[in-house]
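Quick notes on the structure that follows.
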Amino acid sequence: MAREITSRQENYSQWYNDIVNKADLAENSPVRGCMVIKPHGYSIWEKMQAVLDKMFKDTGHTNAYFPLFIPKSFFSKEASHVEGFAKECAVVTHYRLKNDENGKGIIVDPDARLEEELIVRPTSETIIWNTYKGWIQSYRDLPILVNQWANIVRWEMRTRLFLRTAEFLWQEGHTAHATKEEAQEETRRMINVYADFAENWMAMPVLKGTKTDSERFAGAIETYTIEALMQDGKALQSGTSHFLGQNFAQAFDVKFTDQSGKLDYVWATSWGVSTRLMGALIMAHSDDNGLVIPPRLAPTQVVIVPIYKKDAQLDQISQKANEIKQKLQDKGISVKYDDRDTQKPGWKFTEYEMKGVPVRLAIGPRDMENGTLEVARRDTLEKDIISQEGVIEHVEQLLEDIQNGIYQKALKFREDNTYYVDDYEEFKTILNEKGGFVWAHWDGTGETEQKIKEDTRATIRLVPVEDNPEPGKCIYSGKPSNQRVVFARAY
RNA sequence: CGGGGUGUAGCGCAGUCCGGUUAGCGCAUCUGCUUUGGGAGCAGAGGGUCGCAAGUUCGAAUCUUGCCACCCCGACCA
């Protein structure tokens, strides 16, 4: 069989592209930097959405929707926010096309220039806080706990499917609170929701912490992040939660009267995860045979493939397969019975392997005689012959084992690629030759952070939030350091 | 936006240096027969503005100029 997926060892980024392609997740579109998310890829995203949405609802949030377009003037109201996003905004300047008088086809009508140009949202803080101004007068109006599922546009120079595209899908939570403490608590609550999702659903271990000044969200006081380690030793920021202080309330003049009758600005948070999680999912678990999806996010958890020569055999096998399918579905397991006669069994095996279906059952004439079937697990590629009698319980257990197994595998990988380093030369060597997370002391200055970045291309992924930080000496400057921070090269 | 590379059938490529039959090959597609426990075999068939535009020439996929797109490596970023 021809090897169609480039191995990770040979060319990691080609491997990634091959997985996206062969697993039918997404493809490039005619529009530069934008992607078409294909049905299989979108199904996985929908599973993620469903789980996250429930988690948001369970923590008291409600969905709403704000416009795609933001008046340009809104942007200039929060200084650091503008600075952060200005360079990557798409701008709508006209509202009409017309036929060119010189016969050159459709052109932008120069008479249809917008009085105020519109920004295609790169994030929605400004339009939301402009709106919240009208919603909030009193402490009785607070908190506001709103989330929206939306697309946003950030005009990126270099794009990669899922990891960085000009347009992407995400959710953005935007909350308003009466007190600083409550907003800070919300910020931490949501980063914990993300960590919970990453670990228990995506089976992807993450580190939690805060961002340094240079890596912080434009307009935030504090940014919390979850960072995962990919198989090539690079970190991937997988979700962020921001404590915005009163920055946006001040910019948009959103005040409320508190219980003592005093007027104050409202406290804010925002938090988001995006279709980038798809990239994380791929690079956390997949192998040289294709995608590996954690069972809890797999659109199809079990596929049943019949093997037969004669139609009579197929009828018999189908009866058994449908029976098993029904029983599995009764347990809440999603099952596909693939009885297409247009593809051969071997073809189907490879196909579902590339697409990452966690469990495959195969039933052939021999099985029908023996009362058995073949069960194959995607993560380890192990195959077993089991009795048809115990198949339901076996599959239920197997799905749990796979979910747990790939988490443990990813965790072990992270542990094997985590280093504690106190010597700068060793620090550089590790980042150059191995990658991974490097815990090292840092003097807390932007200068040092910048120098290390120039030297090694590694950035501070996060500053761990620790109760009893261990002080030391900065790996670069030798100056005193409060605690170790986590360095890595990142996506 | 810098450096490198590539645009030829749905996909992957050869042909381009050195211009010259009807532009090929593999995979995929379609038809037929045989097959079916890890991407089946044989036979046949269909499918092309050679990225776009202009130029040189009797003649351009091939040479010249300009443009566009995509990929890889940097800078910037979720």
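Just the heavy atoms: all of them, side chains too, but no hydrogens, waters or symmetry mates, feed the values below. The shown structure was predicted, so the numbers you read here are calculated from the model rather than taken from an experiment.
- Searching all strands for a Watson-Crick or G-U wobble partner of B/G12 with both distances below 3.5 Å returns B/C25.
- The base-pairing partner of B/U49, taking Watson-Crick or G-U wobble contacts with both distances under 3.5 Å, does not exist among the strands shown.
- Side-chain atoms of A/K383 come within donor-acceptor range of the base of B/G38, with a qualifying N/O pair under 3.5 Å.
- Regarding A/N11, its CG atom lies at a distance of 12 Å from the C1' atom of B/C73, rounded to whole Å.
- If you take CD of A/E88 and C1' of B/C77, they are 6 Å apart, rounded to a whole angstrom.
- The base of B/G74 does not come close enough to the side chain of A/R457 for any donor and acceptor atom to sit less than 3.5 Å apart.
- A/R189 pairs by the salt bridge (charged side-chain N to carboxylate O under 4.0 Å, His left out) definition with A/E185, A/E186, not counting sequence neighbours.
- For the residue pair A/W271 and A/T269, a side-chain donor N or O sits within less than 3.5 Å of a side-chain acceptor on the partner.
- At whole-Å resolution of the value, OH in A/Y308 and P in B/G38 are 15 Å apart.
- Contact annotation for A/L163: base contact, defined as any heavy-atom pair under 4.0 Å involving a base atom.
- With the nearest nucleotide of RNA chain B identified for both A/F85 and A/K344, A/K344 has the one nearer the 5' end.
- Rounded to the nearest Å, the gap between the C1' atom of B/G19 and that of B/G15 is 13 Å.
- Atom-to-atom, CG of A/N21 to C1' of B/G10 comes out at 12 Å; the value is rounded to the nearest Å.
- A donor and an acceptor atom, one from each side chain of A/S387 and A/E389, are nowhere located under 3.5 Å apart.
- Of the P atoms belonging to B/U64 and B/U57, the separation is 16 Å, rounded to the nearest Å.
- Shown here, B/G32 forms a base pair with B/C42; the pair counts as Watson-Crick or G-U wobble because both key distances fall under 3.5 Å.
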N/O-N/O pairs, protein side and nucleotides 26-32 of chain B side, under 3.5 Å:
none

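- Taking atom C1' on both B/U31 and B/C50, the two are 29 Å apart, rounded to the nearest angstrom.
- Counting non-hydrogen atoms under 4.0 angstrom, A/Q237 reaches the backbone sugars and phosphates but no base.
- Remark: B/G37 base-pairs with no nucleotide in the shown strands. Criterion, Watson-Crick or G-U wobble with two distances under 3.5 Å.
- Note: CG (A/D384) to C1' (B/G38) measures 16 Å, nearest angstrom.
- Here, B/G24 and B/G47 have their P atoms 13 Å apart, quoted to the whole Å.
- With sequence neighbours left out, the side-chain contact (heavy atoms from CB on, under 4.5 Å) criterion links A/A362 to A/I307, A/F349, A/E374.
- When distances run from any side-chain atom of A/R360 to the nucleotides B/C77, B/G38, B/U36, the shortest one goes to B/G38.
- Atom CZ in A/R340 sits roughly 14 Å away from atom C1' in B/U36 (whole-Å rounding).
- With a cut-off of 3.5 Å on both Watson-Crick or G-U wobble distances, the partner of B/G2 is given as B/C73.
- The pair A/D232-A/R8 fails the salt-bridge criterion, with no side-chain N (NZ, NE, NH1 or NH2) lying under 4.0 Å from an Asp/Glu carboxylate O.
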Enumerate all atom pairs, one protein N or O and one N or O from nucleotides 67-72 of chain B, separated by less than 3.5 Å.
from: B/C70; atom 1: OP2; to: A/R32; atom 2: NH1; distance (Å): 2.9
from: B/C72; atom 1: OP1; to: A/N17; atom 2: ND2; distance (Å): 3.3

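- Contact check on A/K38 versus A/E27 returns a salt bridge, with a Lys/Arg side-chain nitrogen under 4.0 Å from an Asp/Glu carboxylate oxygen.
- B/C11 atom C1' lies 15 Å from atom CD1 of A/I5, rounded to whole Å.
- Shown here, B/G20 forms a base pair with B/C58; the pair counts as Watson-Crick or G-U wobble because both key distances fall under 3.5 Å.
- In the model, A/E449 has a side-chain atom that pairs as donor or acceptor with a side-chain atom of A/S214 under 3.5 Å.
- Between A/E353 and A/R461, the residue anchored closer to the 5' end of RNA chain B is A/E353, taking for each the nucleotide with the nearest heavy atom.
- In this structure, A/F168 reaches the bases: a heavy-atom distance under 4.0 Å links it to at least one base atom across the strands shown.
- Looking at heavy-atom distances under 4.0 Å, A/T372 makes no contact with the nucleic acid at all.
- Atom NZ of A/K72 sits in a sparse spot, with 12 or fewer heavy atoms from other residues, nucleotides or ligands closer than 6.0 Å.
- More than 12 heavy atoms of other residues, nucleotides or ligands sit less than 6.0 Å from atom CD of A/E46.
- Taking atom C1' in both B/U16 and B/A60, the straight-line distance is 10 Å, to the nearest Å.
- Across B/A75 and B/C30, the matching C1' atoms stand 50 Å from one another, rounded to whole Å.
- Separating the C1' atom of B/G41 from that of B/G4 is a span of 44 Å, rounded to the nearest Å.
- Considering only the side chain of A/E374, B/G37 comes nearest among B/C77, B/G37, B/G38.
- A/S124 and A/Q148 are linked by a side-chain donor-acceptor pair at a separation below 3.5 angstrom, with hydrogens and angles left out of the test.
- In this structure, the CZ atom of A/R164 is 12 Å from the P atom of B/C73, given to the nearest Å.
- If you take atom C1' in B/C13 and the same atom in B/C76, they sit 35 Å apart, rounded to whole Å.
- Each ring pair (Phe, Tyr, Trp, His ring centres under 6.0 Å) pair with one or both residues in residues 365-389 of chain A, not counting sequence neighbours, would appear here, but there are none.
- The ring-ring contact (aromatic ring centres under 6.0 Å, His included) search around A/H81 returns A/F75, A/F85, A/F217, A/F248, not counting sequence neighbours.
- For A/K348, no side-chain nitrogen or oxygen approaches OP1 or OP2 of B/U36 to under 4.0 Å.
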